[in-house]
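Step one of this worksheet: look at the structure below.
Side-chain atoms are counted along with the backbone in the values below, which use heavy atoms only and exclude waters and symmetry mates. For clarity, every value in this text was computed on a predicted model and none was experimentally measured.
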Amino acid sequence: MALCLFPTPSAEDVDELAEAWALHPVLVEDLLHAGQRPKLERYDDVLFIVIRAARYIDDIEDVDFLEFHVLVRANAIAVLCQDGRWIDGSDETSLPGSSAGIADHTLLDDEHLLTLGPEAVLYRLLDAIVDGYIPVLRGLAIDKEQIERQVFSGDAAVAERIYRLSQEVIDLQHAASSLTDVLDALQSGFDRYGIPEALRTYLHDVADHLTRVETRVVELRDALSQILSVNATLVGQRQNEDMKKISGWAAILFAPTLIGSIYGMNFETMPELHWAFGYPVAIGAMVALGASLFVVFRWKKWM
């Protein structure tokens, strides 16, 4: 069985592979264009699969997705790393040894499994990708816990962080659900293409792991939605308390303004207009009315 790995596939690499394997022109066009969602298609005797691995970059709280194109035919399999990196994000410049060596260690280290054909290599790749989703979920869960503490501490910047993390969770959910469709398509072809029973068991195990990943992703997305609702409620409560304080101080300031505006009218005939004690009484009334309102608002816990 032959394994062809293209760590950084170029147009020339794709053309050589297309000529050697007599690939369909539509398939060649797909191989030349990255940015596709996971899918499974069959062109004559060649099985074409697009899958996406994920890794979590904690420093920037971002999920980095890596796209792989896989071609499977009798006794041969080709893997094209469309992003120039392996499942764990490594490339030929970041780790000693070549990406081919890294891939061989991941895909070809089980001699017993390899006796089941090139589909066994595909299984190892799918299993490694699904296992890679677990640390991503762990990183997202840690950030969720940090966000919960931020929400109850009153951090005003937490809403943006919730939205950003929710988008990462949604992207992971799309990748996992699309990969589920790929596994379902593989399982539906077990009988038609004579997949060995032992390999079917391995693929079922991968599907079970992916189901658990999807369940955790949904739970995480629901939790972030609830956190966002709680944050909106707390923000509303804090704004309501602020409005109470603003309204209370506005009422206190209104009292002396009312008295001052009345005695500021330019009428000749007004009570106490020429009274010697008019000014101190007016000032005293302003202070007394303002103090009374302050006491009332404090009693009602508005201040």
Side-chain angles (χ1 to χ4, degrees), residues 1-54 63-87 91 99-100 103-104 106-108 114 116-130 132-133 170-196 199-200 202-203 206-207 210 214:
M1 182 185 63
L3 168 64
C4 302
L5 179 70
F6 299 89
T8 55
S10 63
E12 291 76 14
D13 294 331
V14 173
D15 290 339
E16 291 180 5
L17 181 63
E19 182 178 356
W21 286 26
L23 298 179
H24 193 282
V26 176
L27 175 54
V28 175
E29 186 72 17
D30 281 344
L31 293 175
L32 291 172
H33 295 87
Q36 303 181 45
R37 292 191 66 178
K39 64 179 181 179
L40 182 148
E41 295 175 345
R42 184 172 288 275
Y43 296 87
D44 298 327
D45 64 335
V46 177
L47 182 66
F48 173 55
I49 301 176
V50 178
I51 47 182
R52 299 178 70 194
V63 179
D64 183 28
F65 291 96
L66 309 172
E67 183 177 338
F68 298 90
H69 291 181
V70 184
L71 302 175
V72 182
R73 64 183 303 182
N75 298 319
I77 182 170
V79 180
L80 290 78
C81 308
Q82 292 293 338
D83 295 294
R85 290 171 293 167
W86 192 233
I87 297 171
D91 56 23
S99 294
D104 287 346
T106 305
L107 305 180
L108 305 178
L114 293 178
L116 300 177
E119 291 83 1
V121 179
L122 174 62
Y123 151 73
R124 291 304 303 268
L125 181 60
L126 292 171
D127 186 49
I129 287 176
V130 173
Y133 289 159
I170 292 172
D171 291 341
L172 181 61
Q173 185 178 24
H174 289 167
S177 61
S178 298
L179 188 54
T180 297
D181 295 337
V182 170
L183 290 177
D184 290 342
L186 282 173
Q187 291 174 353
S188 65
F190 281 170
D191 294 328
R192 183 183 305 173
Y193 298 102
I195 302 300
L199 186 57
R200 299 185 189 189
Y202 283 122
L203 288 174
V206 175
L210 186 57
E214 284 192 286

### Task
Apply ring pair (Phe, Tyr, Trp, His ring centres under 6.0 Å) to Phe48 and list each qualifying residue two or more places apart in sequence or on a separate chain.
His69
Output the distance between atom [atom1] ([X]) and atom [atom2] ([Y]), rounded to the nearest 0.5 Å.
| X | Y | atom1 | atom2 | answer |
| --- | --- | --- | --- | --- |
| Leu183 | Leu210 | CG | CG | 6.0 Å |
| Phe6 | Leu71 | CZ | CG | 8.5 Å |
| Ile51 | Glu67 | CD1 | CD | 10.0 Å |
| Asp171 | Asp64 | CG | CG | 11.5 Å |
| Thr8 | Leu5 | OG1 | CG | 9.5 Å |

### Query
Can you name the nearest heavy-atom pair linking Ile87 to Phe68, along with the distance?
N-CZ, 3.7 Å
### Query
Do you know which two heavy atoms are closest between Ala54 and Leu172, and how far apart they sit?
CB-CD1, 4.2 Å
### Query
Can you list the residues that meet the salt bridge (Lys or Arg N to Asp or Glu O under 4.0 Å) rule with Arg37, with sequence neighbours excluded?
none
### Task
Check step by step if side-chain contact (heavy atoms from CB on, under 4.5 Å) holds for Ile77 and Leu125.
CA-CA 11 Å; Ile77 182 170; Leu125 181 60; over 6 Å; no
Check residues 11-27 and write down every donor-acceptor pair under 3.5 Å in which the side-chain atom is one partner and the other belongs to a residue at least two apart or another chain.
| from | atom 1 | to | atom 2 | distance (Å) |
| --- | --- | --- | --- | --- |
| Glu12 | OE1 | Ser10 | OG | 3.3 |
| Asp13 | OD2 | Ser10 | N | 3.1 |
| Asp13 | OD2 | Ser10 | OG | 3.1 |
| His24 | ND1 | Val26 | N | 3.0 |

### Task
Take Leu203 and Leu126, measure what side-chain contact (heavy atoms from CB on, under 4.5 Å) needs, and give me the verdict at the end.
CA-CA 9 Å; Leu203 288 174; Leu126 292 171; 4.3 Å; yes
### Task
Could you list the residues that satisfy side-chain contact (heavy atoms from CB on, under 4.5 Å) with Glu214, not counting sequence neighbours?
Ala176, Ser177, Thr180
### Residues in side-chain contact (heavy atoms from CB on, under 4.5 Å) contact with Ala175, at least two apart in sequence or another chain
Phe65, Tyr133
Hey, can you pull the donor-acceptor pairs under 3.5 Å for the side chains in residues 28-36, sequence neighbours left out?
| from | atom 1 | to | atom 2 | distance (Å) |
| --- | --- | --- | --- | --- |
| Asp30 | OD2 | Lys39 | NZ | 3.4 |
| His33 | ND1 | Glu29 | O | 2.8 |
| Gln36 | OE1 | Lys39 | NZ | 2.9 |
| Gln36 | NE2 | Asp30 | O | 2.9 |
| Gln36 | NE2 | His33 | O | 2.7 |

### Query
Are the side chains of Val79 and Val121 in touch, meaning some heavy atoms are under 4.5 Å apart?
no
### Query
With distance as the sole test, does Asp127 use its side chain to make a donor-acceptor pair with the main-chain N or O of Val206 at under 3.5 Å?
no
